[in-house]
Amino acid sequence: MRFRALPGFRDFYPEQMAVRRTIEAVWHQASRRAGFQEFDGPVLESLELFTSKSGPEIETQLYAFSDKGERRVALRPEMTPTLARMVGARAGGLPKPIKWYCVPQFFRYERPQRGRGREFLQWNVDVIGASEPAADAEVMAVAIDALRMLGLGEQDVVMRVNDRRFLRRMLQSIDVEEREEPEVLGIIDKLARDPAAAKRLEERLGEKRAREILGWCERMPLGRAEELESVLEACRDYGVEAYLEPDFKTVRGLAYYTGPVWEIFDRGTQLRAIAGGGRYDELIAAFGGPDLPALGFGMGDVVLRELLQEKGLEPEAPPRVEVFVVPIGPEMLGPARQVLARLRERGVSADAPYGGTKVGKALKAADLIGARRAVLVGPEEWAEGAVRVKDLASGQEQSVRLEDLE
RNA sequence: GUGGGUGUAGCUCAGCUGGUUAGAGCGCCAGGUUGUGGUCCUGGAAGCCGGGGGUUCGAGUCCCCUCACCCACCCCA
């Protein structure tokens with residue numbers, strides 16, 4: 001075989017496409033029933049849109065190139081800059097809060113490995129122009145709603161919740177200086193996976209302060225986390241508290257979060273995060289948009305698929321057609337096509353063999369593609385304007401007049 | 001960028017210390033005679049054993065190089 005998909009890119013064969021469509025359908029449903037509107041933007045954007053905020057180093061992680069008009073462009077690696085641009089262009093005219101979602105395909109030039117390719121789908125849900133904690137809780141509930149629809153319960157996944165303001169305040173209370181914060185936050189973020197991180201924390205801050213932080217990581221000091229109180233309370237109202245786990249170690253990599261932050265993980269194995277989100281009140285303005293508070297999350301399809309597969313929850317491909325039409329004898333091929341056309345016109349998905357007229361074989365084919373019924377078109381019935389309809393599960397058959405067929 | 005692993009049929013893999021024409025299961029295709037399927041039986045197609053070089057009378061098997069893929073680290077918008 002000479003050609004294959006580029007590294008990190010995926011072919012979607014029908015079975016995989018079916019899984020993808022099911023996941024997408026759930027994402028759409030969860031968004032819409034919470035009042036979010038779908039939007040989309042260009043797959044290709046100006047390179048500068050992505051480098052302006054993240055710095056030029058990000059270019060190594062982008063599919064970036066010059067187009068024929070000498071423009072420096074890049075395939076989108078994320079949605080926020082596009083979102084900021086689009087909201088910015090119409091900010092004045094959009095009723096607040098702006099509740100938008102999208103299911104875009106992203107491209108990142110990274111080394112592929114488990115749970116990470118160079119192309120993936122990511123469900124993005126954002127609220128712009130709402131500073132109330134109820135908004136934070138709502139997007140958290142929407143993320144969980146989708147997982148629930150896919151069959152993932154609180155025993156399967158956990159949402160770890162923290163708050164950036166709380167983190168900062170706690171660090172300040174033990175005299176961690178502002179310029180040390182990013183590094184310390186980085187170490188705290190690693191504590192969950194990397195045992196060596198505790199040691200580095202101690203080297204950085206001394207034994208006393210390190211132990212203090214490790215204590216908070218061990219047991220979240222919820223009593224002191226007033227920043228999170230109303231979010232957690234609203235989550236209880238939304239009925240998703242069983243999924244929540246306040247966790248001091250959840251930081252999120254980005255520097256731009258300004259309030260609640262959260263990540264969803266599977267409870268069992270060691271997969272990457274299924275979703276992550278939080279509040280980023282300054283980000284829209286930073287990307288040149290209006291100065292509006294904002295929050296949201298992203299949920300990728302790659303890790304989610306892995307988890308569904310592990311749990312045996314992978315959606316099955318739906319049957320190709322509902323009805324399989326079986327001509328009995330070569331002279332019935334034409335009439336069978338007429339039956340097909342009639343069924344299709346009435347909205348019933350139907351298929352038939354192109355040529356072969358072996359009944360046994362046709363029924364086997366009907367089985368294979370998952371049809372529920374077979375319509376047998378034989379010369380005798382046809383002469384009287386009827387066909388035989390066979391229920392493939394029970395094997396029962398009955399004669400049906402052509403005009404009653406549906 | 002750093003480290004590790006694996007390459008044999010569409011898929012999952014077996015091929016013992018080098019030995020004739022490279023195998024299995026699943027899948028696929030075709031048959032098992034007239035207008036009735038799922039099971040079963042028979043047969044078939046399909047592999048430059050990732051590629052190149054070397055050792056040898058002889059290499060899927062040993063050595064060297066190379067490529068590809070996978071995994072972990074880094075990063076994670």
Side-chain angles (χ1 to χ4, degrees), chain A residues 1-9 11 13 15 45 49-55 57-62 74-84 104 106-118 120 122 124 126 186 189-190 193-194 196-197 251-257 261 263 270-273 275-278 280 283 286-287 296-298 300 302-303 306 324-332 336 353 356-382 387-397 399:
Chain A
M1 198 65 76
R2 261 189 82 182
F3 295 110
R4 63 170 82 182
L6 257 22
F9 284 77
D11 292 325
Y13 286 86
E15 318 83 68
E45 289 269 22
L49 181 66
F50 302 119
T51 52
S52 67
K53 191 71 191 77
S54 314
E57 321 81 58
I58 197 79
E59 192 174 334
T60 62
Q61 313 244 51
L62 294 179
L75 290 170
R76 63 185 176 196
E78 59 164 324
M79 210 60 194
T80 312
T82 302
L83 174 65
F106 290 149
F107 305 87
R108 297 179 184 176
Y109 198 91
E110 300 180 288
R111 183 165 252 150
Q113 54 192 282
R114 182 164 197 210
R116 191 168 75 180
R118 289 179 169 179
F120 56 95
Q122 192 183 79
N124 280 252
D126 291 276
D189 193 41
K190 290 222 166 15
R193 280 166 305 158
D194 182 7
V251 174
R252 302 279 294 142
L254 289 31
Y256 62 63
Y257 286 108
V261 287
E263 290 178 329
Q270 289 282 17
L271 299 176
R272 292 163 193 282
Y280 37 87
L283 195 63
F287 274 118
F297 70 85
V302 181
V303 177
E306 267 170 30
F324 201 76
V325 180
V326 180
I328 298 171
E331 66 278 16
M332 288 294 108
T357 55
K358 288 207 161 156
V359 176
K361 215 184 142 186
L363 286 171
K364 207 167 171 174
D367 251 350
L368 201 66
I369 65 180
R372 282 220 290 265
R373 290 178 292 158
V375 172
L376 299 145
V377 184
E380 288 161 32
E381 294 88 344
W382 186 253
V387 291
R388 295 192 70 74
V389 175
K390 183 184 180 82
D391 182 297
L392 285 167
S394 67
Q396 285 188 339
E397 250 177 76
S399 185

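Values reported hereafter were calculated over all heavy atoms of this structure, with side chains retained and with hydrogens, waters and symmetry mates removed. Numbers restart at 1 for each chain; the letters A, B, ... are given by sequence-line order, proteins then strands.
Taking atom C1' in both B/G52 and B/G60, the straight-line distance is 16 Å, to the nearest Å. Straight-line distance between the P atoms of B/C11 and B/C49: roughly 15 Å, to the nearest whole Å. Annotation: B/A14 and B/G25 have their P atoms spaced 16 Å apart (nearest Å). Comparing B/A59 with B/U17, their C1' atoms are spaced 14 Å from each other, to the whole Å. Look at the P atom in both B/C70 and B/U12: the space between them is 13 Å, to the nearest Å. With both ends at atom C1', the span from B/G51 to B/U8 equals 14 Å, rounded to whole Å. B/G58 and B/C67 are spaced 29 Å apart, taking the P atom of each and rounding to whole Å. Remark: the separation of the C1' atoms in B/U55 and B/C69 is 29 Å, to the nearest Å.
Taking atom NZ of residue A/Lys358 and atom P of nucleotide B/G35, one finds them 10 Å apart after rounding to whole Å. The distance from atom CG of A/Asp194 to atom P of B/C73 is 10 Å, rounded to the nearest whole Å. When the P atom of B/G35 is taken as reference, atom CE of A/Met332 falls 12 Å away, rounded to whole Å. If you measure from atom CZ of A/Arg373 to atom C1' of B/U36, you get 17 Å, rounded to the nearest angstrom. Residue A/Arg252 contributes atom CZ, which lies 15 Å from atom P of B/C75 at whole-angstrom precision. Put simply, CZ on A/Phe107 is 18 Å from C1' on B/C76, counting in whole angstrom units. Distance A/Glu15 CD to B/G27 P: 14 Å, rounded to the nearest Å. One interatomic measurement links the two molecules: CG of A/Leu368 to P of B/A30, which rounds to 12 Å at whole-angstrom precision.
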Subject >> Evaluation steps, side-chain contact (heavy atoms from CB on, under 4.5 Å), between A/Glu381 and A/Met332 >> reply: CA-CA 11 Å; A/Glu381 294 88 344; A/Met332 288 294 108; over 6 Å; no

**OP:** Could you walk me through whether A/Val261 and A/Val251 pass the side-chain contact (heavy atoms from CB on, under 4.5 Å) test, one step at a time?
**Re:** CA-CA 7 Å; A/Val261 287; A/Val251 174; over 6 Å; no

**OP:** Check the pair A/Arg118, A/Phe107 against side-chain contact (heavy atoms from CB on, under 4.5 Å), reporting the backbone distance first and the verdict last.
**Re:** CA-CA 5 Å; A/Arg118 289 179 169 179; A/Phe107 305 87; over 6 Å; no

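When Watson-Crick and G-U wobble pairs are counted only if both distances are under 3.5 Å, B/U6 pairs with B/A68. The base-pairing partner of B/U34, taking Watson-Crick or G-U wobble contacts with both distances under 3.5 Å, does not exist among the strands shown. Remark: B/A59 base-pairs with no nucleotide; criterion is Watson-Crick or G-U wobble with both hydrogen-bond distances under 3.5 Å. Using N1 to N3 plus N6-O4 or O6-N4 for Watson-Crick, or N1-O2 and O6-N3 for G-U wobble, each under 3.5 Å, B/C16 pairs with nothing. With a cut-off of 3.5 Å on both pairing distances, the Watson-Crick or G-U wobble partner of B/G1 is B/C73.
For A/Arg114, the side-chain atoms get nearest to B/C71 when compared with the rest of B/C71, B/U36, B/G37. Between B/C71, B/G37, B/C76, one nucleotide has an atom nearer to the side chain of A/Arg272 than all others, and that is B/C76. For A/Arg108, counting side-chain heavy atoms from C-beta on, the closest listed nucleotide (B/C28, B/C76, B/C74) is B/C76. Of the candidate nucleotides B/A72, B/C74, B/G38, B/A72 has the atom nearest to the side chain of A/Arg111. Checked against B/G35, B/A30, B/G37, the side chain of A/Lys361 finds its nearest nucleotide in B/A30. The side chain of A/Gln61 lies closest to B/C75 when the candidates are B/G1, B/C75, B/U36. Residue A/Glu380 has its side chain nearest to B/G35 when only B/G38, B/G35, B/G31 are considered. Set against B/C73, B/G32, B/G35, the side chain of A/Glu381 has B/G35 as its closest nucleotide.
Without hydrogens or angle criteria, A/Asn124 side chain to A/Gln122 main chain gives a donor-acceptor distance under 3.5 Å. Remark: side-chain polar atoms of A/Arg108 are paired, donor with acceptor, to backbone N or O of A/Pro77 under 3.5 angstrom. Listed for the A/Arg272 side chain is a donor-acceptor partner under 3.5 Å among the backbone atoms of A/Arg114. Side chain of A/Glu45 to backbone of A/Phe50: no donor-acceptor contact under 3.5 angstrom is found.
Here A/Lys390 lies in heavy-atom contact (under 4.0 Å) with a base. Looking at heavy-atom distances under 4.0 Å, A/Arg193 makes contact with a base. As judged by a 4.0 angstrom heavy-atom cut-off over every strand, A/Gly329 is placed among residues making no nucleic acid contact. A/Tyr256 comes within contact range of the sugar-phosphate backbone alone, with a heavy-atom separation under 4.0 Å but no base atom that close.
Taking the nucleotide of RNA chain B with the nearest heavy atom to each of A/Ala371 and A/Arg116, the more 5' of the two is matched to A/Ala371. Ranked by how close their nearest RNA chain B nucleotide is to the 5' end, A/Glu78 and A/Pro379 are led by A/Pro379.
For the pair A/Gln113 and B/A72, the criterion of a side-chain N or O lying under 4.0 Å from OP1 or OP2 is met. OP1 or OP2 of B/C29 has not a single side-chain nitrogen or oxygen of A/Lys364 nearer than 4.0 Å.
With respect to the salt-bridge test (charged N to carboxylate O, under 4.0 angstrom), the residues A/Arg388 and A/Glu397 qualify.
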